[in-house]
Structures are given as structure tokens and as C-alpha cells.
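Report on the following structure.
All ligand and atom numbering here is 1-based and tracks the order in the structure. Sequential numbering from 1 along the given sequence is applied to the chain's residues. This is a predicted model, so every value here is computed, not measured. No hydrogens, no waters, no symmetry mates; every other heavy atom, side chains included, goes into these values.
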Amino acid sequence: MKKYALILCSFSFFSCEKDKVPTPVVVGPPCTISDTVSFQNEVFPIISNYCISCHSYPGSGGVNLDSYANIQSFALSDQLYPTLLHNPNGIIMPPLPAIGLDSCEVKSIKKWIDQGALNN
Ligand code: HEC
């Protein structure tokens, strides 16, 4: 257990004050994140799994995440990644009480965005 707590606390976005965190990002299995994260094989399946039920056209809140172009535009304007972090002061997606992405999935998406949010 100690090891997991350490892993959790090592995320800079993760507060260790439990009472302030509504649902922590779930620690996933040990991660192997591809050198180049693929939109088709990695990112889109995650978005499909967690987001498309509400965000296909026209999409809850007017947010449509069913195509590469739309996802890329939210990703590059920094509106996508922050929602995944379960920051109690921010917008949390998928909305509570749904369980969000695990830490591995969050890291993959972050890396894909850092690599330019390519259609690869
Ligand atoms: C159960 C339905 C539901 C699911 C699942 C869901 N969302 Fe949302 N989302 C909403 C609703 C409703 C809004 C608009 C209201 C709000 O901002 O809370 C919204 C708003 C947003 C916004 C706009 C936030 C802003 O800045 O105003 C983004 C970006 C977003 N969602 C991304 C995602 C992502 C990424 C996922 C998957 C990880 C996801 N959503 C899953 C319902 C959902």
C-alpha cells in the first residue's frame, strides 16, 4: 500500500489531502507508454470509452469529441487534459460519480498532446 500512496503523491496535480479530492485518479496497472502515442490505437479508444456517450454530436455542453479534428482542437487549446485530472477546483470529466481515466490513460493522453496531438 505504501508504494501506491507514493505513486499517487508523485503526481504534481494530485493533492494528498484526501478530504479535498472527490475521486482520485485511479492508479492503473504499471504503464508502458509508447514512444510515440497513437491517436487511432491509444487516444481514440480511451475517449470512446469514457467520453463519447455524452460527447458525440451535438455533445453535452456543446462539446463534440467524436472526431480527430474536434478532439485535437480541445487538446491543443488545453481544455481536454485538465478535465481528466480530477482537480476539485476544476471541471471533472467524466462527471462524478463516474470513475475517470486511470493514471496510465491520463499519461498517454498527456504525452500525445505534448507530441503535438497528431492524427497518427
Ligand atoms: C455523463 C456525461 C458526460 C461524460 C461521460 C463526459 N462528459 Fe464532458 N461534459 C458533460 C457535460 C454535461 C458538460 C457541460 C457542463 C459542464 O461543463 O460541466 C461537459 C463539458 C465538457 C467539456 C467543456 C468543459 C469546459 O471548459 O466548459 C470538456 C472539455 C469535456 N466535457 C470533456 C470530456 C472528456 C474528455 C470526457 C471523457 C474523459 C467527458 N467529457 C465525459 C458531460 C459528460
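- Contact shell of ligand 1 (protein heavy atoms, cutoff 4.0 Å): Y50, C51, S53, C54, H55, S60, G61, V63, L65, F74, Q79, L80, T83, L84, I91, M93, P94, P95, L101.
- With rounding to the nearest 0.5 angstrom, the CH2 atom of W112 is 6.5 Å from the CD1 atom of I71.
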Scan the side chains in residues 51-59 for donor-acceptor partners under 3.5 Å anywhere in the protein, sequence neighbours excluded, and list what turns up.
{"from": "H55", "atom 1": "ND1", "to": "S60", "atom 2": "O", "distance (Å)": "3.3"}
{"from": "H55", "atom 1": "ND1", "to": "V63", "atom 2": "O", "distance (Å)": "2.7"}

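- Of all non-hydrogen atoms in L84 and V106, the two that sit nearest each other are O-CG2, 4.0 Å.
- The hydrophobic cluster around L118 extends to none of the other residues, as no ILVMFWY side-chain heavy atom falls under 4.5 Å of it.
- For D35, the salt bridge (Lys or Arg N to Asp or Glu O under 4.0 Å) criterion is met by no residue, not counting sequence neighbours.
- With no hydrogens or angles considered, no side-chain donor-acceptor pair links Q40 and S38 at under 3.5 Å.
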